[in-house]
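Take a look at the structure set out below.
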Amino acid sequence: MGSQPPERGIRIAIDRGGTFTDCVGNPGTGKMEDDVIIKLLSEDPSNYDDAPLEGIRRLMSKFLNKEIPRGEPLDTSKIESIRMGTTVATNALLERKGEKIAMVVTKGFKDCLEIGNQSRPKIFDLAIRKPDVLYEKVVEIDERVTLEDYAEDPERHITKVEGHDSQNGAANQDLVRGLSSEAIRILQRPQEETVKKQLQEVFDSGIRSIAVCLMHGYTFSDHEALVGRLARDIGFSHVSLSHELMPMIKLVPRATSACADAYLTPAIKKYIAGFQKGFEGGLGTSNVQNESGTMGARCEFMQSDGGLVDVDKFSGLKAILSGPAGGVVGYALTSYDPETNTPVIGFDMGGTSTDVSRYGSGRYEHVFETTTAGVTIQSPQLDINTVAAGGGSRLFFRNGLFVVGPESAGAHPGPGCYRKGGPATVTDANLFLGRLLPDFFPKIFGKNENEGLDVQASEKLLQELAEQINRESGKNMSPDEVAYGFLTVANETMTRPIRSLTEAKGHDTSKHRLATFGGAGGQHAVAIAESLGIRQILVHRYSSVLSAYGMALADVVDERQEPDSKVWADEGDSKESLKKKIEELKQKSRVALREQGFEDKSIVFEEYLNMRYRGTESALMIVKPEEKDGEKEFGGDKWAFGQAFVKQHQQEFGFTLPDRDIIVDDVRVRGIGKSFESLGKTVDVQLKEVQPKDVKTGDKEYKRSKVYFDGGRQDTPIYKLEDLSVGDKIKGPAILADGTQTIVVTPGASALIIETHVVINIGEKELYDSSSKVDTTKEVDPIMLSIFAHRFMAIAEQMGRALQKTSVSTNVKERLDYSCALFDSTGGLVANAPHLPVHLGSMSTCVRRQAEIWRGKLVKGDVIVSNHPEYGGTHLPDITVVTPAFDEPGKNILFYVASRAHHADIGGILPGSMPPHSRELYQEGASIKSEKLVSAGKFNEERITELLLTEPAKYQGCSGTRCLADNISDLKAQVSSNMKGINLISTLIEEYGEEVVNFYMVKIQDNAELSVRNLLKDVSKRFEGQDLSAVDYMDDGSPIKLKITVDAEKGEAVFDFAGTGPEVYGNTNAPKAITHSAIIYCLRCLISEDIPLNQGCLNPIKVLIPPKSFLSPSDKAAVVGGNVLTSQRVTDVILKAFQACAASQGDCNNLTFGFGGNIEGEKEVKGFGYYETIAGGSGAGKDWDGTSGVHTHMTNTRITDAEVFERRYPVLLREFSLRAGSGGAGKNRGGDGVIRDIEFRRSVQVSILSERRVYHPYGLAGGEDAQCGLNIWVRRVETSNPERSDKMLNESNEKLEEPVFEERRINLGGKNTAAMKTGERIIIETPGGGGWGKVGDKKETRENHHDPKHGWRGGSHASREEMVLQA
C-alpha cells in the first residue's frame, strides 16, 4: 500500500468522544503487546487546546523517547498514519451550533422540511414538539420537472426518449432521459438572472453556505448544477448539491441531508484546519504526494458507514456517526470469524444511552435513511440503533410499576454517587449492590475533584425508593431487592429493542454472540445475553477504547451510487446495461483509491443493486452473491441478483410476489482499500488452541466483596484483569475489573481469558430454570408486573413490525395505517402498540364480540375476519383479523391476538372506498360481520374473494374491490403478524408458565385502572368537584354534547353524551367503539406518563351514549366519515371539557382519487386507487404554542413523499406548504394548516371527505379561533360563445371555432366527489389550531420544555458519550 520510507511506522488511531478522547498508538510493529493506550478529557482548556493533538504528542513522546513540548509542531516524517473518529459533527447537530445556511428548493416546497412526513414524534403529547429546521432562509426557485410515466399505470406504458441524457445538451428538449433512465418532462427552466439575484440577496445577508435540493434532482441534476455554479460564482464558501451527496428518490430526506451537509461541513473543515496547524508537514494523501522529502502523513477520518476517508474528502453528512461507527468496526473485526460464521450483536452501553448493532455474513449492515438528533439523513450509515437506557438512566416507581428512564441524570448533576446531589440511577443501583467498585474509579468527584464515588449517597437514595415502594404497594422489600428489581427492569428495557431489531430482519437472537463494550456494558452483559438466549459473550481487552481500536483496523472506503429504474431480467439488455453501469462506478472508485496510495491488489469491491417489487416501496440493497454462493444456490450464475433478491425478500418479509416485476432503483459500488492482509488469530481459533485452567479459590484475587445476585448477597472474588493470564478460567460469581471497565460474572457463568478477549460462557443449565421460579400468582410482584408490561407491549410492537414488513400496500408499509394488539381470554385489551389512537379501544369491542359469537366453535388454526361497525369495526376499509391461541391440548382459548389494517380499496361507489356522499353502509364497500378467514390452517381464498369482489358489486352503482391481490396479500400479512404474536406469547408461557402469564394479563389491566383512578382524583381537585361539560358541532350542525361527572372518592367518572344529535343520513355516524377509543386516548394524554394502554383504562369510566344518536348508529348506517372526522370532534369535545387545550384541526382531510372497477353489468376496468390524509394545525395550550403542518389526535399517518407520489401516480404536486396565519392568535398561537395543490395528468375521480369547513376550530381562555379549511376545484370550463352554440344547435355546415376554456375556481365544500380531467387541480387548504389566552398576555414556560431539544436529545448517539464515567 503506497511506498513509505522504512523509518515511518507510527500508527495512531483516535476516537474523540463527548467526554473522553481515546488514543491507541503502535510504534510500527503491528503487535498488540506494543500498543499504547491513552485516555484523556476531550475538553481541558487549562492544559491543552485540542485533545487529539495532545494525545498524538503524548504518544510520540513515548515512542521517540523524548518529551515533545506542547505547542511545538509535530514531525510527520515518523508517522505512517493518523486515523480519527470525531463527534464534532454530531455535537454541532445536537447543540444546533453549525454554520448559518440557506436552503434552495423548487417553488411550492419552501416548508417541505417543516412539514416533513407530517407525523408527530410523540403520539400522546398535546404539546407537539417537532425538531427545529437547520436553515435560516429558504429560496424558492421557479423551476420544475416531473416524470413522464407513472408506476401504477395498468397499461405499463413507457415513454421512449431518443438522444441525450439529462446531463448532455438537454437545453432545447422538453422531454429528456434522466440518470435513472426514466423519461423526464421539463415544465419550467430556471431563469439565470432571477436565480442569481435571489442568491445574491442571501449572500448579502451574511450566509456563506447553502443546500440545494430540487424536485427529481436525483435523476435530473441540470437545474441543481446550474444553481451550484451560480452560487460558487457569487462567492459562497460551501455549496451542498443533493444529487452529488446522495442521488436517491425522496425529496424530504434528500433535502434534509443536503441541509445537514451544508450545516456541518464548514464546522468540520474549520476543526480540521486547526488540527493540521499542529503538524510540521501537511496531513492527507495530497500532502503526502506533494511534500518533498519525508514530510506529510496519511490522515483518514471514520465515516458513518464504517469506512475511512481521506481528510480532504471528509464531509458533514458522512460524519454524523463517526464515533459509534468505530466501535462497530472494532467488534466486527475482532469478534467475527468468517470460517464459523457466527453472527455478533454489538452492545455498547454508555452513560445516557446504549447503541445496539449486528454484524454477520462478513459485511456491515447499512441503512440509507436514519434520524439523528431530529434530522432525517439519507446516506449510507451503519445500522446502529440507540436505546434511551444507560448508566445515567433515572429510577422511578410510578403507578405501581418500576420505571427506568428515559430521563437521564445527565453529566450534571449525574448519578447520586457523583457527589452533586443527583437522583437515583442505574449506576447507583449497580454501586449499591456491589457490582461497581469505587477502587477502580478515578477520584474526580466532590468539591475539590479528588474524592471517589459516594456509596452512602446511592444507599440513601435506594432506601428512600424502597420506603416509597413499600408504602404504596403494601410490600416489604429490602433496598437490595428494590435495586436488583430496577436492574432487572433496565435489562428488559434494553433487551426489548435488541430482540425486535434482530428478529425484524428474520434473525434468531439465540444464534448470535454478544460483543459488549462501552463502560457500562460489562455489568449488564450476562443478564442481557441470558434474556436473549445467547450462550457466549465476548469482551475485548480494549473494550473501553474499542471505537479507537476499530479506527486502527478499518479499511478506506469509496462509495459510489447512481439511480436507475430498470426492470430486472436474468438475461438481456437491462442486465448488460446494469453491468456496464457498475463497471463505470468501479473504475471511478478505483481511481479515487489509487490516488490515496492503494495498489490494485489491495482494492476490493462490493457491488449492490437496490431492488424492490413493482408497486411496493420497500427496496432491499442486494449485494452481488459470492462465487461459492452462486455455485451452490443459484446454479452457477455469478450475477444472480434477481434470485438473491427473492431469497432475501422471503427471509426478511416472509413472502415473495412471483407475478410482479422486480425494479432496480439504484446501482451502488463500495470500493474498499484494504489496510491489513490479516488481523491475527480469530476468537474461534484462540478458543480451539487455549487450554483452560480453573483459577483456584484465593489465587490471583485482588479482594473479596459482598455482591448481590438473584436471591441475596454472595461472597464474591474480585480480580484485576492485568493479574490474569491466557487460559485462566474463573467461575461465577466473580467480578473482573481494570481502570476502564467492570465485568460481572454471575453464578452459573464462567469467564475464560484469551489473548484478545474475556470470553464469558453462560452455563448449560436451563436459561429459564423453572425450579428457581416462585409461584407469583398469589400476590402481585411489582417487578414482575413491570417486566410483563414491557413484554406484552413488546409483543404488540413486534406484531406491528411484522405486519408492516409483510404487507404490500402503501397504507400499511409507508403510511403506517394499522394497529396490533393482545387480548385476554375474554377479549379484554392487554396491550396495544400505540400505532393509531383511533384503534385503541375499538379493537377490544370487536374481539369480545367475535369471542361471544364463536364460543366453543373454534379449533387450532382458525382465524376470524370482521370489519362491520356493529361488530366493533370503525369503518369498512379497516379490516380486523382475530386469532385465538389455545392451550397445549387445543381445548381452551388462553388469549387472542388481533391486527387491524386500512385496505386501500374494498369496493363501493368510489375508488378508495372513502366516498364523501355515502348514505348507506353498502355504498362504502364490502362489509363482513364475522367470517372464518382461515379454517384449521387453510386460507379460505374463495370465500374472501366472494366477500370482497362479488358481494359489493351486487348493489346498484357499486363495484367490488379494485385491488383484490393487494387485499389478499395484506390479509395474509395480518394472519402472519397474529401468528408472530402467538409464538412470542408461547415463548413467554414456556418461560413463566401459563398460570403466571394469565395472572399478569389481568393484573396489568388493574394497574392501568389504578392510573386512571388517580388521574380522575387529581382532575376533581383541579376543578373543585364541579361538573365538566362541553359542546361542539359537526359542519352539518349535529351537536356533540358531553357532561363529565367525577366521583372524587372512588376515582370514577361518567361520560354522558346526552343531547348529542340523531343518526345522520350521511357518513359521519360513528360506531360506539370510536367514542371509547377517543376517551382512552384523551385520558392517556392527560396522565402524561407511560402507562399500559388496555381495558383497565375504561374500568373506572361509565360511558352513556344516547341510543339512535349519530354516536350509536344503526347497523346499515354509513360510517366512513365517523372514523376519520367524528372521532376527531369527539376528542376535541373531551379535551374542551377538561380545559386541556384549544381545538386542533379536527379533521383528517381524506383525499382519494383513482379510476377503474367492476360494476355489475359493465366491463371490468383495470385501474388504481390512492388514499391520503393531510395534516393541519394543532391547538395551543396553557403553556405551549400549537404546531403547524402536523397530524393531531386520532391519527398519525405519514404522507407519501412528493417525488414518490409523482413517480407512482399521474399527478403534479404544485405546492405543499404551510398556510400562514391560519392558526388562531392568542397568548399562545395555534398551529397553521397546510396548502396541498395537486394537478392531475389524466382523468380521475377525485373525492374529498373533510370537516371544519363551516365551524372554526375554537380558541380557549380568550384565544382566537383558527381559520376553517377550504377545498377548491380548479376546473377548465368552456367560455360561453353564443355564435358557436347557435351553429351547433342548427347543425350548421360552417366550420366551428375551437372551444375556448377558462380556469374557474369552484368551492367543493367539505364532502364532495368530481370527475377531474387532465390538467385540472384540487387545492386543499386545511384548518389551523385554536389559540390559547388573550393576545398580549405574558407567556408561561412549560416545565421540562424550556429546552427545544428535550424531546429527542436523550437517545442520540453523541450523548451516549456525555457521561462515560457513569459506566
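Just so you know, residue 1 is the first one in the sequence shown, and it goes up from there. Computed over heavy atoms, backbone and side chain alike; hydrogens, waters and symmetry mates excluded.
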query = Taking it one step at a time, do F402 and F397 satisfy ring-ring contact (aromatic ring centres under 6.0 Å, His included)?
reply = CA-CA 5 Å; F402 279 61; F397 186 71; 5.6 Å; yes
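- Atom CD of E492 and atom CG of L487 lie 13.5 Å apart (nearest 0.5 Å).
- The NE2 atom of H1076 sits 6.5 Å away from the CG atom of L1098 when rounded to the nearest 0.5 Å.
- A donor-acceptor contact closer than 3.5 angstrom links the side chains of E472 and Q468.
- Using a 4.5 Å heavy-atom cutoff, the side chains of T1131 and C1082 are in contact.
- Within the 3.5 Å criterion, the main-chain N or O of Q798 finds no donor-acceptor partner in the side chain of R499.
- Scanning both residues, F709 and T746, for their nearest heavy atoms gives CE2-CA, 3.8 Å.
- Nearest heavy atom pair, residue A429 against residue L462, reads CA-CD1, 3.9 Å.
- Remark: the backbone N or O of L947 is not paired with any side-chain donor or acceptor of E931 at under 3.5 angstrom.
- Interatomic distance, L988 CG to N983 CG, rounded to the nearest 0.5 Å: 12.5 Å.
- Here the side chains of T880 and N867 are not in contact, with every heavy-atom distance at 4.5 Å or above.
- Shown here is K860, whose NZ atom has more than 12 heavy atoms of other residues, nucleotides or ligands within 6.0 Å.
- D824 places no side-chain N or O within donor-acceptor distance of the main-chain N or O of M1001, the cut-off being under 3.5 Å.
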message = I345 vs R513, test: side-chain contact (heavy atoms from CB on, under 4.5 Å). Steps then yes/no.
response = CA-CA 6 Å; I345 290 170; R513 283 173 166 153; over 6 Å; no
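- To the nearest 0.5 Å, atom OG of residue S825 and atom OH of residue Y896 are 8.0 Å apart.
- At least one side-chain heavy atom of F124 sits under 4.5 Å from a side-chain heavy atom of C1085.
- A donor-acceptor pair under 3.5 Å links the side-chain atoms of Q850 to the main chain of K929, judged by distance alone.
- Checked against F886 for a side chain to side chain contact (heavy atoms under 4.5 Å, CB included), the options N892, L894, L858, D862 give a single hit: L858.
- Ring centers of Y992 and F788: under 6.0 Å apart, within the cut-off.
- For the pair R496 and E797, the salt-bridge criterion is met [side-chain N within less than 4.0 Å of a carboxylate O].
- In terms of modelled atom types and a separation under 3.5 Å, the side chain of D887 and the main chain of K891 share a donor-acceptor contact.
- Scanning both residues, I944 and I928, for their nearest heavy atoms gives CD1-CD1, 4.2 Å.
- A donor-acceptor contact shorter than 3.5 Å is absent between the side chain of S844 and the backbone of G828.
- Across R900 and C846, no two heavy atoms sit closer than the pair NH2-CB, 3.8 Å.
- Taken to the nearest 0.5 Å, the OH atom of Y818 stands 13.5 Å off from the NE2 atom of H903.
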Steps toward side chain to side chain donor-acceptor pair (under 3.5 Å) verdict (T1197, D817) = CA-CA 6 Å; T1197 55; D817 196 343; 5.5 Å; no
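- Judged purely by atom type and a 3.5 angstrom limit, R791 has no side-chain atom pairing as donor or acceptor with the backbone of S786.
- No side-chain heavy atom of I537 sits under 4.5 Å from any side-chain heavy atom of F347.
- Side-chain contact between L876 and P869 is present, with at least one heavy-atom pair separated by less than 4.5 Å.
- V882 is not listed as a side-chain neighbour of S866, based on a closest heavy-atom distance of 4.5 Å or more.
- Looking at every heavy atom in both residues, I982 comes nearest to P884 through CD1-O, 3.7 Å.
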request  = Show the numbers, then the answer: is there a side-chain contact (heavy atoms from CB on, under 4.5 Å) between I985 and F895?
outcome  = CA-CA 9 Å; I985 301 173; F895 56 88; 3.2 Å; yes
task = Dump the intermediate steps for side chain to side chain donor-acceptor pair (under 3.5 Å) on D878 and T874, then the final yes or no.
result = CA-CA 7 Å; D878 283 344; T874 43; 3.0 Å; yes
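- A salt bridge is defined here as a Lys NZ or Arg NE, NH1 or NH2 lying under 4.0 Å from an Asp or Glu carboxylate O, and E1052 with K1102 fails to meet this definition.
- The salt bridge (charged side-chain N to carboxylate O under 4.0 Å, His left out) search around R358 returns E365, not counting sequence neighbours.
- Every residue two or more places apart in sequence or in another chain was checked for a salt bridge (charged side-chain N to carboxylate O under 4.0 Å, His left out) with D1047, and none qualifies.
- We find that E1009 and R1013 are joined by a salt bridge, their nearest charged nitrogen and carboxylate oxygen being less than 4.0 Å apart.
- Between F432 and P479 the shortest side-chain heavy-atom distance falls below 4.5 Å.
- Within a 6.0 Å sphere centred on NZ of K1072, other residues, nucleotides and ligands contribute 12 heavy atoms or fewer.
- Proximity of a side-chain donor or acceptor of H868 to a complementary backbone N or O of E870 within less than 3.5 Å is detected.
- Between Y1081 and H1193, the distance from one ring center to the other falls under 6.0 angstrom.
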Check against side chain to side chain donor-acceptor pair (under 3.5 Å), R435 and Q523 = CA-CA 7 Å; R435 292 162 166 246; Q523 294 136 50; over 6 Å; no
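- K972 forms a cation-pi arrangement with F939, by the criterion of a distance under 6.0 Å to the ring centre and an angle within 45° of the ring axis.
- In this structure, Y708 and Y484 have tilted ring planes: the angle between them lies in the 30° to 60° band.
- Of the possible donor and acceptor atoms, one in the side chain of N1007 sits under 3.5 Å from a partner among the backbone N and O of N399.
- A heavy-atom distance below 4.5 Å is not found between the side chains of L829 and M843.
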query = Can you list the steps and then say if E1049 with K1017 is a side-chain contact (heavy atoms from CB on, under 4.5 Å)?
reply = CA-CA 7 Å; E1049 267 180 54; K1017 286 173 186 175; over 6 Å; no
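- Looking at E481, its side chain does come within 3.5 Å of a backbone N or O of S478 through a donor-acceptor pair.
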message = Under the criterion side chain to side chain donor-acceptor pair (under 3.5 Å), I'd like the reasoning laid out for N1094 against Q1005: C-alpha separation, chi angles, the key distance, then a yes or no.
response = CA-CA 6 Å; N1094 58 44; Q1005 295 176 52; over 6 Å; no
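- Ionic pairing of K1003 and E779 is not present here: no N-O contact between side-chain nitrogen and carboxylate oxygen is shorter than 4.0 angstrom.
- The distance from the NE2 atom of H524 to the OG1 atom of T488 is 10.0 Å, given to the nearest 0.5 Å.
- Contact detail for L514 and I534: the closest heavy-atom pair is N-CG2, 3.9 Å.
- Using a cutoff of 4.0 Å between basic side-chain nitrogens and carboxylate oxygens, K857 and E852 are not scored as salt-bridged.
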key: side-chain contact (heavy atoms from CB on, under 4.5 Å) between N940 and L933, intermediate numbers included   = CA-CA 6 Å; N940 299 331; L933 180 63; 5.9 Å; no
